[in-house]
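Accompanying notes for the structure given below.
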Amino acid sequence: MVRIIDRRFDSKNKSAVNRQRFMRRFKGQIREAVADAIAGRSIKDLDNGESVSIPSKDLSEPQFHHGRGGIWETVFTGNDQFSSGDQINRPQGGGGGGSGKGKASKDGEGEDDFVFNLSREEFLDVFFDDLALPNLVKTQLARIQEYKNQRAGFTNDGTPANINVVRSLRGALGRRLALASPYQGRLRELQKQIAELLETHPEDDPEIIRLKDEIGILRAKIEAIPFIDSFDLRYNNRIKIPKPTTQAVMFCIMDVSGSMDEGKKATAKRFFMLLYLFLTRTYEHIEVVFIRHHTVAKEVNEEDFFHSRESGGTVVSSAIELMKEILHQRYLNGAWNVYGAQASDGDNWENDSPHCRELLSTAILPFLQYFAYIEITPGEPQNLWREYEKLVGAHANFAMQHIEGLPDIYPVFRELFKKKLA
Amino acid sequence: MSAKRQKRKQPLPAPGEWTFELIEAYHAEIDRVARDYGLDTYPNQIELITSEQMMDAYSSVGMPVNYHHWSFGKSFLQTEKGYRRGQMGLAYEIVINSNPCIAYLMEENTMTMQALVIAHAAYGHNSFFKGNYLFRQWTNADAIVDYLLFARNYLSECEERYGEEEVELLLDSCHALMNVGVDRYKRPAKLSLTKELTRQRERAEYLQSQVNDLWRTLPTQQIKTQAVETRRFPPEPQENLLYFIEKNAPLLEPWQREVVRIVRKIGQYFFPQRQTQVMNEGWATYWHYTLINTLFDEGLLTDSFMMEFLHSHTNVVYQPAYNEPWYRGLNPYALGFAMWQDIQRICEHPTDEDRYWFPDIAGSNWRETFDFAMRNFKDESFIAQFLSPKVMRDFRLFAILDDDHEGKLKVSAIHDEAGYRKVREILSDNYNLGSREPNLQVWNVDLRGDRSLTLRHQAYLRRPLSDAADEVIKHVARLWGFAVKMEVAHEDGRIEVLYERHQDRRKTDKN
């Protein structure tokens, strides 16, 4: 007896658990690969996976085997030239032919690295993991939040305001025709009979009267069919479709003075990336303006923004000033949602900080959706922080956060997400 | 393909696409012919699967269910990568030695391929699983799927209770020893799910008390046991390292012993397959070839079906020569197929040479001889017994001696009158697990001292252990819980310590 079973539609992804285990085991290497990838990527490039390569030595599953050496006697096929007792040179390189059964391959040496691809989701997972994002936010980030209404045919119920008159009456007419049709047929038949009878009989013939009565009953029945019924009603249907609201511009301002080392810059980069990622979920088109500053500010491309080194003192207001300029020149025509993100170690020229606050408060914050400031410093908050603190109460769209490591980045966004959720 | 019989039947339809009705129809015909030839099989269960499911099956070592482990994820990624890039095709089938015998067919296969696979797996391999003594002794087809299910449930229970990481580390160590978890010369007890379940708890407690044997070296008893101070433990060297650890490792928890046991049992299940590659694949290939050809002779198959069939068959039994770039050693399908065909020839049309070499089987009933050979041999003995001079000539076999003390390789024998026996002997030895894999023994436990475990590698023909052994020793040390020494006994009697691992569980582990 045979049983033939169709398993093709059984649960897919049976190996998902094993894949997960694999990822967890090599989390270290994968994190490294992701960190490298982030360092090498544009902050706009978060929608791709990443290929991760793990040295096959780390992956090997060791077992007891023979190594090379000793005496091996092996049978081969296809003898074309040898006779018993022939002496031949050892084949060079690769160690293939002559000795045993590919014994070297298990040792893991000389093998290529094991390369596999992280999907976009897995890549973001690792990225989020670093930043200690709560799960809710992870799903929020993956979701598009704004919708627009769009017509989508008709439905059977809705609010009276949405009744579509033409459709409803068309339906009613059809229903009336359909329900009346048996009576109408009979009616026509009776009328024909009466016409025939009238040719030979007088009008008060009892048969004709009976027929006329029946006609009366049928007419009454036809009349009784309601002109319009609740299930004739059709409503215009509107559905919400996700709509990325137009466009946004994101200002990235970073202090590149001597005190900002590579580590602090890397942290700042994660911060900018996360903000960018958030914005991509909401906006269709995003422009990013990079402003870096020490004592003077300059608009640069992304490459220079993250990688060129500067040194010297710090005048933060130069950057704020430049932002204001660019903002007013290019982005205040009403078509842009403006976001600002500033990263600094907080070390500013003492007299400059109040000026920064002033500028932000009057010339910038009123036009912005959101401005986030992060101060990346291991120690006490610096003078810029103390000035900015005064802005927090006054402006709902201003947030600041003191950051020592990557997990501290997220709270900056908490406010922002809260607002969007409401 | 002889045209002995008249083509009298209406051929089965042979479209490219298969359907369930067609698979059933082909199966019915194959089944009928197989019964005529007297093939004795487990009932068949044919399962149609997708290529993704095939990769799943690949990565859980060809089993329908298995416990979870990262290494299976790794092999899935590997297979997937190779497959997606077109570097490798997937096998047409996987067949599982179980009762009923489960054969997987991939949905991508054409109807011809499905028929080939049914003949190959569901009749060829299936009958071999049921008949061959190694499989009968080492595996229990009735219980394997249940046992795997039990194993998976048990392991996920352990993961819940002791943490995934703990279980994973343990499995890593066990996997490293999977190949040395078999008693080659002892017969195993049969697997049975019910027995496993009922005895498991009992065994756990009993074992724990047994292990205390090793602890009976406390100072208070020392005086009494002075007399037996030279007592060895184990009294005789043990070759089954996993079993030894399962029974004797002093610090393992009962659940850990159970996990060691599970890995050992599953490893043992694959033991026969590693020893019957040539026979088993050759047998299955012989039967798909014979069954399909018989159906063709009956007029049941179309010419186009046969063309495709022969194309695939020829690919399967292709044997490149030693100097071709795609030479990967002897193709077990090719060698096995040639040998089984040759045995049939010797039975039916023996030459004088055959009568001299195989007086027992020359001219005998080939079906009976087949049955005898299939049931009672493994690769090593099968080759030693049945490899004929004709096959050696056809394959142009020759043997090379590679001695690392000599500057050159030596051709030790070729396919000629003087060399037949020698070539056969060497080839048989190439398939002997005992000489192919290093001979390792549990040599001693230092009962009176630091409880260290000594493993001994009995060197054979100066063949060394690979460097990976050092890593494996770490795993042994993790399981044993105390120091582990690996020494090698050279053939000239020298003993040399290769690796030494110290492990103090009380310091490194939370337990």
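Computed from a prediction, not measured in an experiment: that's the story for all the values here. Each chain gets a letter, A, B and so on, in the order its sequence line appears, and its residues count up from 1.
Considering only heavy atoms from C-beta on, B:Thr50 stays 4.5 Å or farther from A:Phe9 through its side chain. Annotation: side chain of B:Lys408 is not in contact with side chain of A:Ile88 (no heavy-atom distance under 4.5 Å). Counting heavy atoms from C-beta on, the side chains of A:Pro91 and B:Leu409 come closer than 4.5 Å.
The backbone N or O of B:Arg436 lies less than 3.5 Å from a partner atom in the side chain of A:His66, making a donor-acceptor pair. Using modelled atom types, one side-chain atom of B:Lys74 and one backbone atom of A:Leu59 make a donor-acceptor pair closer than 3.5 Å. A donor-acceptor pair under 3.5 Å is absent between the side-chain atoms of B:Gln78 and the main chain of A:Phe114, judged by distance alone. Counting only distance, with no hydrogens or angles, the side chain of B:Asn430 and the backbone of A:Val75 share a donor-acceptor pair below 3.5 Å. Of the possible polar contacts, one joining the A:Thr77 side chain to the B:Pro320 backbone as a donor-acceptor pair under 3.5 Å is found.
Heavy atoms only, all atoms of each residue included: B:Pro100 and A:Arg3 are closest at CG-NH1, 4.5 Å. The two residues B:Ala321 and A:Gly78 have their closest heavy-atom pair at CB-CA, 3.8 Å. The minimum heavy-atom distance between B:Arg396 and A:Asn79, with the atom names listed, is NE-O, 2.6 Å. Looking at every heavy atom in both residues, A:Gly69 comes nearest to B:Pro464 through O-CD, 3.5 Å. For A:Ser84 against B:Ala413, the heavy-atom pair with the smallest separation is OG-CA, 3.5 Å.
By number of non-hydrogen pairs under 4.5 angstrom with chain B, the leading residue of A:Ala16, A:Pro62, A:Ser83 is A:Pro62. No other option in B:Lys410, B:Glu437, B:Gln53 has as many heavy-atom pairs under 4.5 Å with chain A as B:Gln53. The candidate from B:Pro438, B:Ala399, B:Gly407, B:Ala122 with the greatest count of non-hydrogen atom pairs under 4.5 Å with chain A is B:Pro438. Most heavy-atom pairs under 4.5 Å with chain A, from the set B:Glu406, B:Glu80, B:Met178: that is B:Glu406. When each of A:Val17, A:Ile71, A:Ile5 is scored by its heavy-atom pairs under 4.5 Å with chain B, the top score falls to A:Ile71.
The existence of a salt bridge linking A:Arg7 and B:Asp56 is excluded, since no basic side-chain nitrogen approaches an acidic carboxylate oxygen closer than 4.0 Å. Remark: B:Glu159 engages A:Arg21 in a salt bridge, criterion side-chain N to carboxylate O under 4.0 Å. Between A:Arg24 and B:Glu165 there is no salt bridge, since no side-chain nitrogen of the basic residue lies less than 4.0 Å from a carboxylate oxygen of the acidic one. Between A:Arg90 and B:Asp402 there is a salt bridge, since at least one side-chain N of the basic residue sits less than 4.0 Å from a carboxylate O of the acidic one.
With a 4.5 Å cut-off on non-hydrogen atoms, B:Phe398 touches chain A through its backbone and its side chain both. Proximity to chain A is limited to the side chain of B:Tyr327, based on heavy atoms less than 4.5 angstrom apart. For B:Leu241, the part lying under 4.5 angstrom from a heavy atom of chain A is the side chain only.
A search for ring pair (Phe, Tyr, Trp, His ring centres under 6.0 Å) contacts involving B:Tyr26 returns B:Phe305, not counting sequence neighbours. With sequence neighbours excluded, the residues forming a side-chain hydrogen bond (donor to acceptor under 3.5 Å, both in side chains) with A:Arg19 are A:Glu122, listed by chain and number. Taking the salt bridge (Lys or Arg N to Asp or Glu O under 4.0 Å) definition, one finds that A:Lys264 meets it with nothing, sequence neighbours left out.
Both the sub-6.0 Å distance and the 45° axial angle are satisfied by B:Arg463 relative to the ring of A:Trp72.
A:Phe82 has its ring centre less than 6.0 Å from the ring centre of B:Tyr322.
Looking at B:Glu52, B:Glu108, B:Glu107 one by one, the single match for salt bridge (charged side-chain N to carboxylate O under 4.0 Å, His left out) with A:Arg8 turns out to be B:Glu107.
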- Does the side-chain contact (heavy atoms from CB on, under 4.5 Å) test come out yes or no for B:Trp70 and A:Phe26, once each step is laid out? CA-CA 9 Å; B:Trp70 67 269; A:Phe26 297 98; 3.7 Å; yes
- Go through the steps for B:Leu397 and A:Phe76 under the test side-chain contact (heavy atoms from CB on, under 4.5 Å), then give the verdict. CA-CA 6 Å; B:Leu397 296 181; A:Phe76 294 86; over 6 Å; no
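Scanning residues 416-425 of chain B against chain A with a 4.5 Å heavy-atom cutoff picks out B:Lys422, B:Val423, ordered by number.
Using modelled atom types and a 3.5 Å distance limit, the side chains of A:Asn18 and B:His69 yield no donor-acceptor pair. In this structure, a donor-acceptor pair under 3.5 Å is present between the side chains of A:Glu73 and B:Ser412.
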